Amino acid sequence: MRILVTGGAGFLGSHLIDRLMTEGHEIICLDNFYTGHKRNILQWMNHPNFELIRHDITEPIRLEVDQIYHLACPASPVHYQYNPVKTVKTNVMGTMNMLGLAKRVKARFFLASTSEVYGDPDVHPQTEEYRGNVNPIGLRSCYDEGKRIAETLTFDYHRQNGVDVRVVRIFNTYGPRMLENDGRVVSNFIVQALQGKPLTVYGDGSQTRSFCYVSDLIDGFIRLMNSDYVGPVNIGNPGEYTILQLAEAVRDMVDPTAEINFKPLPSDDPRRRRPDITKAKTLLNWEPTVPLSEGLKLTIDDFRSRMSKSGQVAINR
Ligand SMILES: NC(=O)c1ccc[n+]([C@@H]2O[C@H](COP(=O)([O-])OP(=O)(O)OC[C@H]3O[C@@H](n4cnc5c(N)ncnc54)[C@H](O)[C@@H]3O)[C@@H](O)[C@H]2O)c1
C-alpha cells in the first residue's frame, strides 16, 4: 500500500515508518521538522519505497495514498505550549486538511489522539466511554482541547462524508528517539541521571502514570488501522507507577548515588492516569509485552549513545 505518515520524522512517527517499511509498503513522510529530525528517518532516505516531504499540515496538500496515519502535532508541554495558537491550528486546520485529503482519495484515516482528552480524570482507570474532565482555558488546553476537536472532526467526516476512520487514544509512551529537551518525565530523569545531576520530581511524586514502550504502541496502531473497529481505542500500558518509583528505577539503572529533588507541581497536572485496555484486548487482541525495566534499559542505552556523541554524558555505567 502507499501510506502517508504525518509527523513521520518525530518520535512515534519514525518508529511507525520503520515498521511499515519493513512490511514492504511505500511510505510518504510529511513533516515540518518542528520537533522531528531527519536523523530519525535517515536509514530510509535512499530507499526507493520512501519519500520525504517537508510540509506544514496547516496548509493543504494533494497526494495519492491508501492510508493516512495522522500523527503531526507537538506532543510534549514545552513544545506545544511554546506556540499554543500554532498547536491549535495544527490540530484543527491540520486535521481538517488531512481528513479532506482522505475524503478526496478515499484513504483510510488514522488519528493519533491522546489520553489527555480525559483531562484530570475523576474516573479511574479511564475507559473510552469516559468523557473527561478538561479545562478549556488552561495552559494545556491548546493540546487537550485541540485533540478533542480533532476527534470531533474525525467522527464528523466519518458520519457526514463516509470517511473510513480509526481513532487511537495514546497513553504515555517512551523509548529510543525521544527528545532530550522535551520535558517529559522519562526523558527528564534519564538526561538528569546521565549528566550526573539530581533527578527533579514535581510535587511529592505520588502522582501516577503508566508507561508504554514504543514497539508495543506501534503494534497496537497497526492492529487498529487494519481492524474493522473505528474506535476510539485506548492503547497504553496499564501498569501504574508513581513518579517517585520511576525516578528511583532510572536512578538505580544509571547512577544509584544520584539525588532526587522535589519541586512544586505545575497547574493542571493530572493526579492519576491509567488506561483501561479491555477494548484493545478484546477487539484487537493487543496487550503490551515489554516490561518497564527492559524498555527503560533500551531507552537509557539510546540516550547514552546520542548524548556521549555530543559530550553530554557524565555517568557511563
Ligand atoms: N509520545 C506520547 O507519549 C504520546 C502520547 C499521546 C499522544 N501522542 C500523539 O502522537 C503523535 C506523535 O507524538 P510524538 O511523541 O511522536 O511527538 P513528536 O513531537 O516527536 O512528533 C510530532 C511530529 O509532528 C511534526 N509536526 C508538528 N506540527 C506539524 C505541522 N504543523 N506540520 C507538519 N508536521 C508537524 C513534528 O515536527 C514531529 O516530527 C502526536 O499527535 C501526539 O499528540 C503521543
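Atoms within each ligand, like the ligands themselves, are counted from 1 in listed order. Quick caveat: nothing in here was measured; it's all calculated off a predicted structure.
- Judged by a 6.0 Å distance limit and a 45° cone about the ring axis, Arg140 is not positioned over the six-membered ring of Tyr143.
- Residue His55 approaches ligand 1 through these ligand atoms, each under 4.0 Å from one of its heavy atoms: 32 (N), 33 (C).
- Arg177 and Ser14 are linked by a side-chain donor-acceptor pair at a separation below 3.5 angstrom, with hydrogens and angles left out of the test.
- Nearest protein heavy-atom contact of atom 16 (O) of ligand 1 is Leu12 N, 2.8 Å.
- Among protein heavy atoms, atom 30 (C) of ligand 1 sits closest to Asn32 ND2, 3.3 Å.
- Taking every heavy atom of Thr114 and a limit of under 4.0 angstrom, the matching atoms of ligand 1 come to 6 (C), 7 (C).
- Residue Gly94 places every heavy atom at 4.0 Å or more from ligand 1.
- Residue-to-ligand polar distances place Ile57 within reach of ligand 1: an N/O pair is separated by less than 3.5 Å.
- Residue Ile170 has no nitrogen or oxygen atom sitting less than 3.5 Å from a nitrogen or oxygen atom of ligand 1, judged on distance alone.
- Near Gly10, with a cut-off below 4.0 Å to any heavy atom, the atoms of ligand 1 are 20 (O), 21 (O), 38 (C), 39 (O).
- Taking atom 22 (C) of ligand 1 as the reference point, the nearest protein heavy-atom neighbour is Cys73 O, 3.3 Å.
- Judged by the shortest distance from any of its heavy atoms, Met178 lies outside the 4.0 Å radius around the atoms of ligand 1.
- Residue-ligand proximity: Cys212 is placed with every non-hydrogen atom at 4.0 Å or more from ligand 1.
- Between the side chains of Glu240 and Thr208, a donor-acceptor pair is found at a separation under 3.5 Å.
- Interface atoms of ligand 1 facing Gly7, defined by a heavy-atom separation under 4.0 Å, are 23 (C), 24 (O), 25 (C), 39 (O).
- Close to ligand 1: Arg184, with a non-hydrogen atom less than 4.0 angstrom away.
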Chi angles and distances behind the side chain to side chain contact (heavy atoms under 4.5 Å, CB included) call for Ile61, Met98: CA-CA 8 Å; Ile61 189 165; Met98 292 305 121; 3.9 Å; yes
